[in-house]
Amino acid sequence: MAENFTSRAKDYSQWYNEIVEKAELAEHSEVRGCMVIKPYGFAIWEKIRDTLDKMFKDTGHSNAYFPLFIPKSYLNKEAAHVEGFAKECAVITHYRLKKSPDGNGLIVDPEAKLDEELIVRPTSETIIWNTYRKWIQSYRDLPLLINQWANVVRWEMRTRLFLRTSEFLWQEGHTAHATKEEAVEETEKMLGVYSDFAEKFMAMPVLRGTKTENERFAGAIDTYCIEALMQDGKALQAGTSHFLGQNFAKAFDVQFVTKENKSEFVWATSWGVSTRLIGALIMSHSDDKGLVLPPKLAPVQTVIIPIYKNEEQLEKISEKVQQIKKLLEKKGISVKYDDRTTHKPGWKFNEYEFKGVPVRIAIGPRDLENNTLEIARRDLLTKEITSQENIDTKIENLLTDIQSSLFNKAIKFRQENTHQTDSFVEFKELIENKGGFIYAHWDGTKETEEKIKEETKATIRCIPLNIVQENGHCIYSGKPSKQRVVFAKAY
RNA sequence: CGGGGUGUAGCGUAGCCCGGUAUCGCGCCUGGUUUGGGACCAGGAGACCGUAGGUUCGAAUCCUGCCACCCCGACCA
């Protein structure tokens, strides 16, 4: 399956595309810019979704569902929001088809034109805030902490599987609060949830920060983000959390009565991560042998492959495997026993390697005789013979070790690809030749950011949280600056 | 949406310049021998050549439109 697999060094984009396709994560649909997420890819998404869903509920949120279609006029109510999304909206104009008069196929029935056109949600702020108006009367109704798992559509010009598709799956949290402080706290809390998830489950280190005006969400006062570094030295925004201020409350007239019996606009947040995380996962850990998955998100954590010469041997091995499988499952480890007789062991080894299964156990007649097993780990591509004694604890520890080893490796990669400079000449050189994150001073203006982007293609990925204050001079304009920001070329 | 490229069996391809319905490999099916890192032998099935038109006695091949994908830009999670 993975013969003639392109290496990262040869063509990084092609390497990525081939992993997605050959590891059976997703494929292009018949509709431009859309993807079919295949069972193996969707299983990863389910792991991501289930883990995050629990984290959201643990922080007090409830799930709800809002409609796919939004009246066109809603989008118009928040000025910055329209500006940001109008150019990429799919629009519903009719609600019926009819037989073509010439008898060939179907046409849009001109008599079924909608009075008010609908758009397919690019995000749900507008319809949700229009609904919240009815739900919120008093400070007693606050905070309102809601999340929804949904698909959204943004008509993209250029798409890539998982990283940018016209339709994608995501979750969007939308919360309403009585005070600004509480809303900011919520925004930061959810950013924390995202960075915990990225680092502990995806084994992907992220920078936490805020966006500059240029990169901010359409309609937000502040956009917080987590930024990860991919193996090609480009940054990927992996999640965002927005402090929306009272922008949407004012646009949709969502007011509440305080304890003091005064009417005030509520304070809002929204936050989301999408199927893009799967792209991030692929580009964080995978290698020239294919996908590498962190144990905590791998649909199959351990695969067991029998090696045998005849039916009788297979039977004996299978018996043993069932015992081992039970032991492992008791520890909460997901196990797949691949006893297909249609493929040889070597073929299976390669298949699971390509699909990124963290641990592989091989068991043959020699192992039955010696009470041993061959254990191979995907991340380091090493294998060893070990006794069957305490196999459940061994595998459990091995999975833990792989999880942290992947994270450490990614941290190391990020360290090696993070630079600091005070010279624009060196900055350009770093961006051009090395990529990665670059910490540099910036004068805080939109103009400078745009000029730097024009000249180097690098953008400000974030203004890191908790960064030391340090007086310096903007790398481009020379004007004074109080702290460094992070630049990189981005996805 | 602009510039460049590609589209032939499930996948990768030859053929296209110089028109005569298609090559090879992998995979698939059947039988046998195999099984500790992508097995071997024998036989077999599978393609209206992306799509719609045009030129022609005849089009994978020449011409035009459209569609999809890839790369580079602008835009974006």
Side-chain angles (χ1 to χ4, degrees), chain A residues 1-6 11-14 16-18 21-22 24 27-35 83-89 122-123 152-172 194 211 214-218 223 225-228 235-242 270-280 289-290 305-311 313-314 317 339-354 360-370 372-374 376 381 383 385 450 453-454 457 459 461 490-491:
Chain A
M1 77 187 315
E3 285 167 288
N4 309 316
F5 177 47
T6 304
D11 186 338
Y12 193 82
S13 290
Q14 200 182 333
Y16 175 84
N17 292 336
E18 285 181 15
E21 186 195 329
K22 292 180 175 171
E24 301 186 286
E27 62 188 39
H28 290 281
S29 76
E30 296 304 304
V31 181
R32 179 198 172 86
C34 295
M35 64 176 163
E83 179 82 14
F85 288 108
K87 316 186 274 301
E88 49 188 34
C89 281
T123 178
V152 284
V153 169
R154 297 178 187 176
W155 214 260
E156 298 289 351
M157 290 299 146
R158 191 174 162 195
T159 59
R160 297 195 66 189
L161 293 176
F162 292 116
L163 296 173
R164 175 164 300 109
T165 46
S166 289
E167 181 195 19
F168 57 93
L169 305 183
W170 77 344
Q171 58 66 219
E172 42 180 327
Y194 288 157
K211 286 292 188 190
N214 268 347
E215 303 272 329
R216 200 172 289 155
F217 174 74
T223 287
C225 62
I226 52 171
E227 292 282 329
L236 183 82
Q237 176 174 308
T240 49
S241 182
H242 314 290
S270 70
W271 27 273
V273 296
S274 70
T275 34
R276 175 180 250 202
L277 287 179
I278 295 175
K289 295 263 184 189
I305 296 169
I307 291 150
Y308 55 91
K309 290 211 195 305
N310 53 51
E311 279 289 308
Q313 272 183 358
L314 177 60
I317 290 167
D339 60 353
R340 284 179 296 175
T341 54
T342 47
H343 296 277
K344 291 186 54 168
W347 193 94
K348 293 177 187 173
F349 289 178
N350 282 288
E351 182 184 27
Y352 294 109
E353 219 157 77
F354 198 86
R360 180 187 74 228
I361 299 175
I363 172 166
R366 283 209 303 265
D367 297 305
L368 283 188
E369 221 171 275
N370 306 329
T372 55
L373 296 167
E374 182 193 86
L381 293 165
K383 55 184 182 184
I385 307 287
E450 275 165 4
K453 186 179 177 183
E454 267 171 43
K457 289 179 189 164
T459 50
R461 297 325 304 151
Y491 273 94

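Lettering follows sequence order; numbering is per chain, from 1.
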So if I take every side-chain heavy atom of [X] and compare against [options], which nucleotide ends up nearest?
X: K457(A); options: A74(B), U35(B), G73(B); answer: G73(B)
X: P345(A); options: C72(B), U35(B), C75(B); answer: U35(B)
X: Y308(A); options: U35(B), G73(B), C70(B); answer: U35(B)
X: N350(A); options: G36(B), G38(B), G73(B); answer: G38(B)

[atom1] gap between [N] and [M], integer Å:
N: G36(B); M: C72(B); atom1: C1'; result: 48 Å
N: A59(B); M: G50(B); atom1: C1'; result: 16 Å
N: C49(B); M: G10(B); atom1: P; result: 13 Å
N: A39(B); M: G65(B); atom1: P; result: 49 Å
N: C11(B); M: U55(B); atom1: P; result: 33 Å

Spatial distance of atom CZ (R360(A)) from atom OH (Y352(A)) [nearest 0.5 Å] |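 Interatomic distance, R360(A) CZ to Y352(A) OH, rounded to 0.5 Å: 11.0 Å.
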Students often get this wrong, so: under 4.0 angstrom with heavy atoms, is [X] touching a base, only sugar-phosphate, or nothing?
X: D367(A); value: base
X: S274(A); value: base
X: S29(A); value: nothing
X: L163(A); value: base
X: R154(A); value: base
X: F217(A); value: nothing
X: K383(A); value: base
X: R340(A); value: nothing
X: S13(A); value: sugar-phosphate

Map T240(A) and G33(A) onto RNA chain B by nearest heavy atom, then report which one ends up closer to the 5' terminus.
->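 Per heavy-atom nearest nucleotide, the more 5' residue is G33(A).
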Return the 5'-most residue of the pair T159(A), E374(A) with respect to RNA chain B, ranking by each residue's nearest nucleotide.
->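 This one resolves to E374(A).
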Respond yes when some side-chain nitrogen or oxygen of [X] is under 4.0 Å from OP1 or OP2 of [N], and no when none is.
X: N17(A); N: C71(B); answer: yes
X: R158(A); N: C72(B); answer: yes
X: R32(A); N: A68(B); answer: yes
X: H343(A); N: A39(B); answer: no
X: K87(A); N: C75(B); answer: no
X: K344(A); N: G36(B); answer: yes

Complementary nucleotide for G31(B) - Watson-Crick or wobble, under 3.5 Å =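 Looking at the geometry, G31(B) pairs with C41(B).
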So which nucleotide does C57(B) pair with, by the Watson-Crick or G-U wobble rule with both distances under 3.5 Å?
->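 Pairing partner: G20(B).
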Is the backbone of R461(A) close enough, under 3.5 Å, to the side chain of K211(A) for a donor and an acceptor to pair up by distance?
->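 Here the side-chain-to-backbone pair exists.
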